[in-house]
Amino acid sequence: MPEYSQIQTYIKCDQSNIKEIMHDFINTLNECEIKDAQIISAFSGLEWEMDEDGSMDVSGGEVTKELVIGGQLLHIRPFVMGWASKTIQELQQSWLEISLLFWTEEIIQCQFDYVLREEHRSVIWKLMQEFSHFPNQSGVYFTNEATDGRPWEALVQNELDNIWMFDAAIINKGNMNYYQAIDESIFFSNLQENELLIARKETWVKEPW
(Lines give C-alpha, C1' and ligand atoms only; values in the text may rest on other atoms or scores of the structure.)
Protein backbone atom coordinates (compact mmCIF):
# COMPACT_ATOMS: atom_id res chain seq x y z
CA MET A 1 0.00 0.00 0.00
CA PRO A 2 1.51 3.37 -0.96
CA GLU A 3 2.18 6.20 1.44
CA TYR A 4 -0.27 9.04 1.08
CA SER A 5 -0.12 12.81 1.24
CA GLN A 6 -3.42 14.59 1.56
CA ILE A 7 -5.38 17.79 1.27
CA GLN A 8 -7.77 17.87 4.24
CA THR A 9 -10.58 19.99 5.60
CA TYR A 10 -13.10 19.43 8.39
CA ILE A 11 -16.80 20.29 8.78
CA LYS A 12 -19.16 19.95 11.73
CA CYS A 13 -21.59 17.34 10.54
CA ASP A 14 -24.43 15.01 11.54
CA GLN A 15 -27.39 13.32 9.90
CA SER A 16 -29.13 16.68 9.41
CA ASN A 17 -26.57 18.19 7.03
CA ILE A 18 -24.54 15.34 5.54
CA LYS A 19 -26.53 15.31 2.28
CA GLU A 20 -25.86 19.03 1.80
CA ILE A 21 -22.16 18.54 2.57
CA MET A 22 -21.88 15.65 0.11
CA HIS A 23 -23.58 17.79 -2.55
CA ASP A 24 -21.00 20.55 -1.92
CA PHE A 25 -18.19 17.98 -1.95
CA ILE A 26 -19.25 16.58 -5.32
CA ASN A 27 -19.38 20.12 -6.72
CA THR A 28 -15.87 20.72 -5.33
CA LEU A 29 -14.62 17.50 -6.97
CA ASN A 30 -16.03 18.74 -10.27
CA GLU A 31 -14.19 22.04 -9.83
CA CYS A 32 -11.03 19.99 -9.18
CA GLU A 33 -11.50 18.21 -12.55
CA ILE A 34 -12.50 14.99 -10.73
CA LYS A 35 -15.64 13.86 -12.53
CA ASP A 36 -15.21 10.08 -12.56
CA ALA A 37 -18.64 8.41 -12.21
CA GLN A 38 -17.39 5.68 -9.85
CA ILE A 39 -15.90 8.26 -7.50
CA ILE A 40 -18.97 10.52 -7.56
CA SER A 41 -21.36 7.63 -6.87
CA ALA A 42 -19.37 6.67 -3.75
CA PHE A 43 -20.38 9.96 -2.11
CA SER A 44 -23.76 10.81 -3.62
CA GLY A 45 -25.72 8.51 -1.29
CA LEU A 46 -23.49 8.62 1.78
CA GLU A 47 -25.29 8.75 5.14
CA TRP A 48 -24.47 8.65 8.84
CA GLU A 49 -24.92 5.29 10.50
CA MET A 50 -25.71 4.65 14.15
CA ASP A 51 -23.05 2.64 15.99
CA GLU A 52 -23.81 0.24 18.85
CA ASP A 53 -22.63 2.79 21.40
CA GLY A 54 -25.13 5.36 20.10
CA SER A 55 -22.65 7.60 18.28
CA MET A 56 -22.82 8.50 14.61
CA ASP A 57 -20.18 7.36 12.16
CA VAL A 58 -19.52 7.54 8.44
CA SER A 59 -16.71 6.77 6.02
CA GLY A 60 -16.40 6.52 2.28
CA GLY A 61 -13.99 6.64 -0.62
CA GLU A 62 -11.97 3.50 -1.26
CA VAL A 63 -11.30 4.09 -4.96
CA THR A 64 -8.00 5.45 -6.27
CA LYS A 65 -8.05 6.71 -9.85
CA GLU A 66 -5.28 7.82 -12.21
CA LEU A 67 -6.52 11.19 -13.43
CA VAL A 68 -5.18 14.15 -15.38
CA ILE A 69 -5.45 17.21 -13.11
CA GLY A 70 -4.05 20.52 -14.29
CA GLY A 71 -2.23 18.71 -17.08
CA GLN A 72 -0.52 16.30 -14.63
CA LEU A 73 -1.23 12.56 -14.34
CA LEU A 74 -1.83 11.74 -10.68
CA HIS A 75 -3.23 8.89 -8.60
CA ILE A 76 -5.98 10.51 -6.48
CA ARG A 77 -8.35 9.09 -3.89
CA PRO A 78 -11.15 11.30 -2.53
CA PHE A 79 -12.01 10.22 1.01
CA VAL A 80 -14.35 11.14 3.87
CA MET A 81 -14.38 10.00 7.50
CA GLY A 82 -16.56 10.85 10.47
CA TRP A 83 -15.03 11.76 13.81
CA ALA A 84 -16.93 11.67 17.10
CA SER A 85 -16.21 11.77 20.84
CA LYS A 86 -15.76 7.99 20.96
CA THR A 87 -12.50 8.56 19.04
CA ILE A 88 -11.49 12.06 20.21
CA GLN A 89 -13.05 12.72 23.61
CA GLU A 90 -12.62 16.50 23.34
CA LEU A 91 -15.16 16.70 20.50
CA GLN A 92 -18.45 18.23 21.56
CA GLN A 93 -20.10 17.16 18.32
CA SER A 94 -19.34 15.07 15.25
CA TRP A 95 -17.06 16.29 12.47
CA LEU A 96 -16.52 15.09 8.92
CA GLU A 97 -13.02 14.94 7.45
CA ILE A 98 -12.94 15.50 3.69
CA SER A 99 -9.71 14.69 1.89
CA LEU A 100 -7.92 14.18 -1.39
CA LEU A 101 -5.21 11.53 -1.08
CA PHE A 102 -2.14 11.42 -3.35
CA TRP A 103 0.57 8.81 -3.74
CA THR A 104 3.48 10.49 -1.97
CA GLU A 105 6.16 8.82 -4.11
CA GLU A 106 4.51 10.32 -7.19
CA ILE A 107 4.54 13.96 -6.04
CA ILE A 108 7.93 14.30 -4.30
CA GLN A 109 11.36 14.65 -5.90
CA CYS A 110 12.99 11.70 -4.14
CA GLN A 111 12.36 9.27 -1.29
CA PHE A 112 14.95 10.86 1.00
CA ASP A 113 13.25 14.21 1.47
CA TYR A 114 9.80 15.73 1.21
CA VAL A 115 10.20 18.30 -1.56
CA LEU A 116 7.33 18.52 -4.02
CA ARG A 117 8.08 18.05 -7.71
CA GLU A 118 8.00 21.43 -9.38
CA GLU A 119 5.38 20.34 -11.92
CA HIS A 120 2.99 19.26 -9.14
CA ARG A 121 3.23 22.29 -6.85
CA SER A 122 0.80 24.52 -8.72
CA VAL A 123 -1.66 21.65 -9.15
CA ILE A 124 -1.72 20.81 -5.45
CA TRP A 125 -2.06 24.47 -4.50
CA LYS A 126 -4.95 24.94 -6.94
CA LEU A 127 -6.73 21.95 -5.41
CA MET A 128 -6.19 23.42 -1.94
CA GLN A 129 -7.76 26.66 -3.13
CA GLU A 130 -10.79 24.77 -4.46
CA PHE A 131 -11.14 23.03 -1.07
CA SER A 132 -10.96 26.41 0.69
CA HIS A 133 -14.15 27.45 -1.15
CA PHE A 134 -15.89 24.48 0.49
CA PRO A 135 -17.78 25.61 3.66
CA ASN A 136 -15.62 24.40 6.56
CA GLN A 137 -14.70 25.24 10.14
CA SER A 138 -11.04 24.22 10.12
CA GLY A 139 -9.25 25.69 7.13
CA VAL A 140 -7.49 23.46 4.60
CA TYR A 141 -4.28 21.54 5.30
CA PHE A 142 -1.77 19.71 3.12
CA THR A 143 -0.20 16.92 5.19
CA ASN A 144 1.91 13.81 4.72
CA GLU A 145 1.87 10.29 6.16
CA ALA A 146 3.38 11.41 9.46
CA THR A 147 1.26 14.55 9.95
CA ASP A 148 -2.06 13.18 8.63
CA GLY A 149 -4.84 14.91 10.57
CA ARG A 150 -2.50 16.33 13.17
CA PRO A 151 -3.13 20.10 12.82
CA TRP A 152 -6.91 19.70 13.15
CA GLU A 153 -6.56 17.28 16.07
CA ALA A 154 -4.24 19.78 17.74
CA LEU A 155 -6.86 22.52 17.42
CA VAL A 156 -9.74 20.49 18.84
CA GLN A 157 -7.55 19.03 21.61
CA ASN A 158 -5.97 22.43 22.38
CA GLU A 159 -2.46 21.06 21.81
CA LEU A 160 -1.29 24.26 20.18
CA ASP A 161 2.35 23.21 19.78
CA ASN A 162 1.17 20.78 17.09
CA ILE A 163 -1.02 23.10 15.01
CA TRP A 164 1.93 23.71 12.66
CA MET A 165 2.24 20.05 11.62
CA PHE A 166 1.47 20.60 7.94
CA ASP A 167 3.27 21.36 4.69
CA ALA A 168 0.76 24.00 3.64
CA ALA A 169 -2.45 25.52 4.94
CA ILE A 170 -5.19 27.96 3.98
CA ILE A 171 -6.48 29.17 7.33
CA ASN A 172 -9.96 30.69 7.45
CA LYS A 173 -10.72 33.89 9.32
CA GLY A 174 -12.16 32.12 12.35
CA ASN A 175 -8.87 30.33 13.09
CA MET A 176 -6.32 33.00 12.14
CA ASN A 177 -5.69 33.93 15.78
CA TYR A 178 -4.04 30.54 16.35
CA TYR A 179 -1.46 31.26 13.64
CA GLN A 180 -0.17 34.71 14.50
CA ALA A 181 3.36 33.65 15.50
CA ILE A 182 4.62 32.40 12.14
CA ASP A 183 8.27 31.30 12.06
CA GLU A 184 9.44 32.97 8.84
CA SER A 185 12.54 30.79 8.73
CA ILE A 186 10.27 27.76 8.23
CA PHE A 187 7.17 29.05 6.45
CA PHE A 188 6.17 31.35 3.62
CA SER A 189 3.03 33.29 4.57
CA ASN A 190 0.57 35.67 2.97
CA LEU A 191 -2.12 37.36 5.06
CA GLN A 192 -5.26 38.23 3.13
CA GLU A 193 -8.55 39.75 4.23
CA ASN A 194 -10.40 36.52 4.94
CA GLU A 195 -7.69 33.87 4.97
CA LEU A 196 -4.06 33.21 5.80
CA LEU A 197 -1.87 31.31 3.32
CA ILE A 198 1.05 29.28 4.74
CA ALA A 199 3.55 26.96 3.02
CA ARG A 200 6.57 25.11 4.41
CA LYS A 201 9.68 26.41 2.66
CA GLU A 202 11.59 23.13 2.46
CA THR A 203 8.59 21.41 0.85
CA TRP A 204 7.58 24.08 -1.68
CA VAL A 205 10.95 25.82 -2.37
CA LYS A 206 9.12 28.99 -3.38
CA GLU A 207 5.76 30.58 -2.58
CA PRO A 208 2.99 28.56 -4.29
CA TRP A 209 0.62 31.50 -4.58
Side-chain angles (χ1 to χ4, degrees), residues 2-11 28 31-32 69-79 81 83 88 95 97-134 136-209:
E3 284 194 3
Y4 287 110
S5 298
Q6 46 273 319
I7 293 170
Q8 302 174 305
T9 192
Y10 299 81
I11 302 99
T28 299
E31 292 299 320
C32 293
I69 308 293
Q72 298 297 320
L73 191 63
L74 293 166
H75 286 84
I76 292 182
R77 176 185 167 194
F79 179 76
M81 177 180 289
W83 293 94
I88 301 177
W95 289 68
E97 172 190 334
I98 294 182
S99 304
L100 280 184
L101 279 61
F102 307 87
W103 287 2
T104 296
E105 65 180 19
E106 196 170 62
I107 62 173
I108 61 172
Q109 291 185 6
C110 73
Q111 62 180 341
F112 303 110
D113 57 26
Y114 195 84
V115 179
L116 291 174
R117 294 179 183 271
E118 184 175 2
E119 63 269 25
H120 293 328
R121 295 171 199 164
S122 61
V123 176
I124 291 171
W125 186 257
K126 181 181 182 298
L127 295 176
M128 288 187 66
Q129 288 179 308
E130 294 296 345
F131 263 55
S132 72
H133 301 154
F134 190 94
N136 69 81
Q137 287 86 38
S138 69
V140 178
Y141 302 101
F142 179 59
T143 58
N144 57 45
E145 190 91 356
T147 58
D148 177 13
R150 298 294 297 277
W152 172 73
E153 291 175 26
L155 281 177
V156 298
Q157 294 174 333
N158 200 35
E159 296 177 354
L160 299 185
D161 288 344
N162 293 331
I163 65 172
W164 301 94
M165 297 183 69
F166 55 73
D167 291 293
I170 300 176
I171 305 299
N172 54 27
K173 196 169 185 177
N175 290 320
M176 280 187 194
N177 59 306
Y178 293 106
Y179 292 93
Q180 293 180 4
I182 299 174
D183 187 338
E184 294 183 359
S185 68
I186 297 175
F187 295 103
F188 300 115
S189 66
N190 186 339
L191 178 60
Q192 302 188 346
E193 183 177 355
N194 293 310
E195 59 188 14
L196 173 62
L197 315 179
I198 308 174
R200 189 175 294 274
K201 290 183 175 181
E202 65 181 7
T203 299
W204 293 83
V205 182
K206 58 184 180 181
E207 296 177 350
W209 47 81

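Going from atom OH of Y179 over to atom CG of L196 covers 9.0 Å, rounded to the nearest 0.5 Å. Taking CG of L116 as the reference point, atom CD of E202 lies at 11.0 Å (rounded to 0.5 Å). Note that CD of Q157 is 8.0 Å distant from CH2 of W152, once rounded to the nearest 0.5 Å. One distance of note links CE of M128 with SG of C32; it measures 11.5 Å at 0.5 Å rounding. Taking CD1 from I198 and CG from D167, the interatomic distance works out to 12.0 Å, rounded to the nearest 0.5 Å. Between N175 atom CG and I163 atom CD1 the span is 9.0 Å, to the nearest 0.5 Å.
For the side-chain contact (heavy atoms from CB on, under 4.5 Å) test, residues two or more places apart in sequence or in another chain that qualify with D183 are S185, I186. With sequence neighbours excluded, no residue satisfies salt bridge (charged side-chain N to carboxylate O under 4.0 Å, His left out) with K173. In terms of the side chain to side chain donor-acceptor pair (under 3.5 Å) criterion, residue partners of S99 (sequence neighbours excluded) are, by chain and number, E97. A search for side-chain contact (heavy atoms from CB on, under 4.5 Å) contacts involving N162 returns R150, A154, E159, M165, not counting sequence neighbours. Remark: R121 engages no residue in a salt bridge (charged side-chain N to carboxylate O under 4.0 Å, His left out) (not counting sequence neighbours). Considering only residues two or more places apart in sequence or on other chains, F187 meets the ring pair (Phe, Tyr, Trp, His ring centres under 6.0 Å) condition with W164, F166. For the side-chain contact (heavy atoms from CB on, under 4.5 Å) test, residues two or more places apart in sequence or in another chain that qualify with N158 are L160. Residues forming a side chain to side chain donor-acceptor pair (under 3.5 Å) with H75 (at least two apart in sequence, or on another chain): E106. For S122, there are no side-chain contact (heavy atoms from CB on, under 4.5 Å) partners two or more places apart in sequence or in a different chain. For D148, the salt bridge (charged side-chain N to carboxylate O under 4.0 Å, His left out) test picks out no residue, with sequence neighbours left out. Looking at residues two or more places apart in sequence or on another chain, you find no side chain to side chain donor-acceptor pair (under 3.5 Å) involving Y10. Residues satisfying the side chain to side chain donor-acceptor pair (under 3.5 Å) criterion with T28, sequence neighbours excluded, are absent altogether.
Taking a 6.0 Å sphere around CZ of F134, one finds it holds more than 12 heavy atoms contributed by other residues, nucleotides or ligands. A 6.0 Å sphere centred on CD of E145 holds more than 12 heavy atoms belonging to other residues, nucleotides or ligands.
Proximity of R200 to F142: side-chain heavy atoms (C-beta onward) are nowhere separated by under 4.5 Å. Contact annotation: the side chain of H120 never approaches that of F102 to less than 4.5 Å [non-hydrogen atoms, C-beta and beyond]. Under the 4.5 Å side-chain criterion, counting only non-hydrogen atoms from C-beta, Y141 is in contact with I171. The shortest distance between side-chain heavy atoms of W95 and N136 does not fall below 4.5 Å. Taking the side chain as every heavy atom from C-beta outward, I98 and F131 approach each other to under 4.5 Å.
Between the side chain of N194 and the backbone N or O of N172, no donor-acceptor pair lies under 3.5 Å. Remark: side-chain polar atoms of R117 are paired, donor with acceptor, to backbone N or O of I108 under 3.5 angstrom. Side-chain atoms of T9 come within 3.5 Å of backbone atoms of G139 as a donor-acceptor pair (strictly under, hydrogens ignored).
The nearest pair of heavy atoms linking K206 to E118 is NZ-OE2, 4.2 Å. The two residues E195 and L197 make their nearest non-hydrogen contact at OE2-CD2, 3.9 Å.
There is a side-chain donor-acceptor pair under 3.5 Å between Y114 and S5. Side chains of T143 and Q8: a donor-acceptor N/O pair is present below 3.5 angstrom, by distance only.
In this structure, W209 and F188 have perpendicular ring planes: the angle between them is above 60°, well past the 30° mark.
For the pairing with L100, the side-chain contact (heavy atoms from CB on, under 4.5 Å) check across I69, L127, I124 returns one residue only, L127.
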